[in-house]
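Please read the structure below before turning to the comments.
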Amino acid sequence: MSTLLVRNAALLVTMDEERREIAGGGVFARDGVIEAVGAGEALPAMADEVIDARGQVVLPGLVNTHHHMFQTLTRALPAAQDVDLFGWLQVLYPVWARLTPEMLQVSTQLAMAELLLSGCTTSSDHLYLYPGACRLDDTLHAATEMGLRFHAARGSMSVGQSQGGLPPDRLVEDETAILKDTQRLIEAFHDPERHAMQRIVVAPCSPFSVSTGLMRDAALLAREHGCHLHTHLAENDDDIRYTRETFGCTPAEYAEQLGWLGPDVWHAHCVKLDAAGVALFAATGTGVAHCPGSNMRLGSGIAPIRAMRDAGVPVALAVDGSASNDSGHLLAEARLGLLLQRVGAGAMAMPAREMLEIATLGGARVLGRDDIGALAPGMAADLVAFSLDGVATAGALHDPVAALLLCHAPSLQLNVVQGRVRVRDGALTMLELPALVARHNALAARLRG
């Protein structure tokens, strides 16, 4: 058995039921699970590994609930810089059609490196196209190497342009094959146990790229195996228009008709979710992954997160794809989320601590987990620490928690996932980052052609 002690934090933000913030606090964990939280005598004096967090804010690892990690290969592509969602996709689909298994693996490693270095310990990823020999397995193996807690969403597209969908026909799959491969992945990789490092999510891509039949069958498959469901919904005006014209209803009504509501479902974006949709999501416990950076970048609008939270909708945070953000820095995304709600709903619309709760406990709830998002006995030892001695937080030490989001993102010092140190003194422990970046850039150049 291995033990870990993180102690002497300037401030320990627990996100426990009492929302305690403990000066001089620390965490003791055994075999990746927290046994004690507190300060001084509340903690054991020794452990196999002892980390001094003096001068740092320690908090639960952040949870990213929607990503497209392969898109790190097509960041800031000139033709896709100044277009809305549908135009952006139409530019990038032909580029993504040249993806290879190596590109999937390396882009996943790069995206996870960025997440780990920005305070993330758990992430979902939505992979919805599989050209050539590409498989979701490529990303799952990369996640194991990186040590990030991973919810791999087996996305899919089955309705191409010839059938009225948005993607090119060459990028869609046969629906029977989609369901068969999804079941294979569940049987091979899904771990339903508490503190699991990998889970599979059933995730047809969007209303404009899959059939209603696939959506219904996917829901049945997921619930048969106890997996969660995920898709894009109500992202922008074109998305709303397509749903109304094609299915004769609103996105929330579409989800209800297909069995895509409930605490085992979360939808990405929901920028244009109307008041009736918000009420329906709240009544059913259906979750939302809020992607403020991407929504701003594509001009999609401001998701009504304040209204959702007030109604009781489970809301989480996400960076979305790295070609529509074009970043994967989760703490910076939390800052954007805070600021964007204030733009839309006023200066008191989103306090810093509430956004931090969305980025931790909110993500845990949406992913269906009761073992992450807080620092308390029995929870996974997923924690991060940010330094307070840099220029970013100078003058803000009277409230270091608020400083994490109101100031420019400070430097990450420590990232621990399941009790294992993944970032130490600001550097990844499992690989050399410059070599990964160089390899990734070479593959990105090859992909662009």
Side-chain angles (χ1 to χ4, degrees), residues 63-70 101 104-105 108 112 122-131 133-158 172-206 209-233 255 258-268 285-287 289 316 318 363-372 380 417-418:
V63 181
N64 178 44
T65 56
H66 183 68
H67 206 330
H68 307 292
M69 295 183 180
F70 71 91
L104 283 186
Q105 180 184 6
T108 299
M112 289 184 172
T122 299
S123 183
S124 180
D125 183 53
H126 192 188
L127 180 62
Y128 53 80
L129 43 78
Y130 300 87
C134 292
R135 301 195 304 170
L136 191 66
D137 308 54
D138 302 313
T139 67
L140 285 154
H141 296 322
T144 299
E145 293 174 7
M146 297 299 293
L148 188 73
R149 199 179 299 277
F150 192 41
H151 285 231
R154 205 303 182 180
S156 54
M157 299 191 297
S158 66
V172 303
E173 298 177 88
D174 173 77
E175 295 188 353
T176 300
I178 290 168
L179 294 168
K180 182 178 180 180
D181 188 57
T182 304
Q183 180 159 342
R184 175 189 69 83
L185 289 160
I186 294 170
E187 293 171 353
F189 295 102
H190 183 69
D191 183 355
E193 298 300 320
R194 204 159 188 267
H195 306 132
M197 287 297 292
Q198 290 193 341
R199 288 184 180 168
I200 300 297
V201 180
V202 183
C205 183
S206 63
S209 62
V210 300
S211 71
T212 56
L214 179 61
M215 291 291 284
R216 289 193 182 97
D217 289 343
L220 291 172
L221 177 65
R223 287 172 177 138
E224 177 185 351
H225 292 280
C227 295
H228 271 53
L229 289 159
H230 182 54
T231 193
H232 298 84
L233 197 77
L258 301 177
W260 274 72
L261 295 177
D264 59 347
V265 184
W266 86 100
H267 297 273
T286 305
R365 181 182 178 187
V366 160
L367 294 182
R369 303 198 66 135
D370 64 357
D371 55 352
I372 61 173
V417 183
Q418 196 67 16

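We use all heavy atoms of the structure for the numbers below, so side chains are in, but hydrogens, waters and symmetry mates are not.
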Going through the checks in order, is the side chain to side chain contact (heavy atoms under 4.5 Å, CB included) test met by Met69 and Ser123?
CA-CA 10 Å; Met69 295 183 180; Ser123 183; 3.5 Å; yes

Between Ser206 and Thr231, which heavy-atom pair has the shortest distance, and what is it?
N-OG1, 3.6 Å

Minimal non-hydrogen separation, Ala316 against Gly363, with atom names:
CB-CA, 3.6 Å

May I have the step-by-step check of side chain to side chain contact (heavy atoms under 4.5 Å, CB included) for Met157 and Leu129, ending in yes or no?
CA-CA 7 Å; Met157 299 191 297; Leu129 43 78; 4.1 Å; yes

So, does Arg154 use its side chain to make a donor-acceptor pair with the main chain of Ile186 at under 3.5 Å?
no

Check: Ser158/Glu175 side-chain N/O donor and acceptor closer than 3.5 Å:
yes

With rounding to the nearest 0.5 Å, note down the distance linking NE2 in His225 to CD1 in Ile200.
12.0 Å

CZ of Arg149 to OG of Ser124: how many Å apart, nearest 0.5 Å?
14.0 Å

Is the closest basic N to carboxylate O distance between Arg135 and Asp138 below 4.0 Å?
no

Tell me, please, which residues at least two apart from His230 pass ring-ring contact (aromatic ring centres under 6.0 Å, His included).
His66, His126, Trp266

What's the spacing between His190 NE2 and Thr182 OG1 if we round to 0.5 Å?
13.0 Å

Looking at residues at least two apart in the chain, or sitting in another chain, which of them share a salt bridge (Lys or Arg N to Asp or Glu O under 4.0 Å) with Arg216?
none

Can you tell if the side chain of Asp137 reaches within under 4.5 Å of the side chain of Leu185, non-hydrogen atoms only?
yes

So which atom in Ala152 and which in Leu140 form the shortest heavy-atom distance, rounded to 0.1 Å?
CB-CD2, 3.7 Å

So, do Thr108 and His141 sit near enough that their side-chain heavy atoms are less than 4.5 Å apart?
no

CG on Leu214 to CG on Leu179, rounded to 0.5 Å:
5.5 Å

Kindly say whether Asp370 contributes a backbone atom to a donor-acceptor pair with the side chain of Arg194 at under 3.5 angstrom?
yes

Quick one: CG on Leu104 to CG on Asp125, what's the gap to the nearest 0.5 Å?
9.0 Å

Please report the closest heavy-atom contact between Leu261 and Asp264, naming both atoms and the distance.
O-OD1, 4.3 Å

Closest contact, heavy atoms only, Val201 versus Leu229:
CG1-C, 4.1 Å

Please check: side-chain N/O of His68 versus main-chain N/O of Tyr128, any donor-acceptor pairing under 3.5 Å?
no

Pair His228, Arg199: side-chain N/O donor-acceptor within cut-off below 3.5 Å
no

When you look at Tyr130 and Leu136, which way does the side chain to side chain contact (heavy atoms under 4.5 Å, CB included) test go after all the steps?
CA-CA 8 Å; Tyr130 300 87; Leu136 191 66; 4.0 Å; yes

Correct closest heavy-atom pair for Ala218 and Pro204 would be CB-CG, 3.6 Å

Interatomic spacing from CG in Asn64 to OG1 in Thr122 - rounded to 0.5 Å:
9.5 Å

Is it true that a side-chain atom of Thr286 and a backbone atom of Gly262 form a donor plus acceptor pair closer than 3.5 Å?
yes

Are side-chain heavy atoms of Thr65 and His151 found at a separation under 4.5 Å?
no

Is the side chain of Asp371 donor-acceptor paired with the backbone N or O of His195 at a distance under 3.5 Å, no angle test?
yes

